[in-house]
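What follows is a short report on a single structure.
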Amino acid sequence: MHHMTLALPQEPTDGIAGWAADLVDAMGAPGAGLFVALENVFPPLPSEIILPLTGFAAGQGVLTLVSALFWTTLGSVVGALVLYWIGALFGRERMYALWAKLPLVKTSDLQRTEEWFAEHGTKAVFLGRMVPIFRSLISVPAGIERMPMPVFIMLTTLGSLVWNSVLVLAGYWLGDQWDEVGTYVGVLSKIVLVMVGVALVAYVAVRVKGRGKAQHRRA
């Protein structure tokens, strides 16, 4: 059977989107899976480009919708496992040693984070798959805390399948306008990142103020 390519006017030719299109052209659904695995390890690579593009390719008959969802979800799990093992190999002792050297943080904060992860880790791993940047980062504490591997794989697979299905199907249904998906997801990503940024700034401000007060009291 002759291999159809995505050589259509709507296909991007340059930048990351062009590279993603070339991957899907050359390797089909496994190419999309490879991109998603890399995106999990290197968050700056945008899944909101490759997933709708893969859906668009499925709509054009270049690959099947089932293979698109299978390979992109497999890619998500493989990428997440790489980061899980980085966390597991790094380990709690090194994490505490590194944390102790950082300014503005206390060991008790790390203990609180661990307690939070012990209580909410399963929700974080599942829901975190649907939040840009966070979906990569959440795998590291899961590894450090040695979340049971079957649980980690199951939650990552389910969360990734939901996220990937939404974006792949959006590209499939939108057809020529598949790149509109990236615009909406891009806006959502920015809102999430701004919220995380604001929370971090507030946290550091409170920590600095607390330290200032403590020094003032000592003086």
Side-chain angles (χ1 to χ4, degrees), residues 33 35-48 50-51 69-70 72-100 102 104-168 170 181 184-207:
F35 187 97
V36 173
L38 291 171
E39 183 261 339
N40 263 269
V41 181
F42 305 109
L45 291 176
S47 62
E48 61 268 24
I50 190 67
L51 292 169
L69 292 174
F70 171 80
T72 54
T73 301
L74 181 67
S76 297
V77 174
V78 169
L81 281 172
V82 169
L83 291 174
Y84 176 96
W85 281 111
I86 287 172
L89 293 169
F90 190 73
R92 284 183 74 242
E93 291 75 19
R94 280 197 205 136
M95 185 70 188
Y96 271 94
L98 176 69
W99 196 264
L102 295 174
L104 300 172
V105 293
K106 291 188 204 147
T107 313
S108 58
D109 296 327
L110 189 53
Q111 280 165 337
R112 268 202 295 276
T113 308
E114 280 193 283
E115 283 158 18
W116 181 89
F117 196 87
E119 202 175 321
H120 305 286
T122 49
K123 287 198 286 282
V125 169
F126 174 70
L127 296 170
R129 300 291 155 210
M130 300 167 216
V131 182
I133 309 291
F134 190 73
R135 72 169 152 266
S136 295
L137 300 179
I138 194 61
S139 301
V140 179
I144 289 172
E145 297 300 319
R146 292 296 175 111
M147 174 181 270
M149 186 67 81
V151 175
F152 178 75
I153 290 175
M154 184 188 75
L155 292 168
T156 300
T157 302
L158 291 174
S160 301
L161 186 60
V162 172
W163 171 256
N164 294 355
S165 298
V166 167
L167 293 193
V168 167
V181 182
Y184 296 120
V185 177
V187 170
L188 184 69
S189 308
K190 284 188 182 75
I191 292 169
V192 170
L193 286 173
V194 165
M195 283 164 65
V196 170
V198 167
L200 275 173
V201 168
Y203 169 78
V204 170
V206 168
R207 177 68 63 241

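All values below were derived from every heavy atom in this structure, side-chain atoms included, with hydrogens, water molecules and symmetry-related copies excluded. We number each residue from 1, following the sequence as shown. All of these numbers come straight from a predicted model, not from anything done at the bench.
Considering OH of Tyr84 and CG of Leu89, their distance stands at 10.5 Å, rounded to 0.5 Å. Expressed to the nearest 0.5 Å, how far CG of Leu161 lies from OG1 of Thr73 amounts to 4.5 Å. Note that the OG atom of Ser165 and the CG atom of Leu51 stand 9.5 Å from one another [nearest 0.5 Å].
With sequence neighbours excluded, the residues satisfying side chain to side chain contact (heavy atoms under 4.5 Å, CB included) with Leu81 are Val77, Met149, Phe152, Ile153. For Val162, the side chain to side chain contact (heavy atoms under 4.5 Å, CB included) partners are Met130, not counting sequence neighbours. A search for side chain to side chain contact (heavy atoms under 4.5 Å, CB included) contacts involving Pro150 returns Pro148, not counting sequence neighbours.
Among all heavy-atom pairs drawn from Thr72 and Val36, the shortest one is O-CG1, 3.4 Å. Between Thr156 and Ser76 the shortest heavy-atom distance is CG2-O, 4.3 Å. Closest non-hydrogen pair, Leu83 versus Ser139, comes out as CB-CB, 3.6 Å.
Using a 4.5 Å cut-off on side-chain heavy atoms (C-beta onward), Arg94 and Ile144 make no contact.
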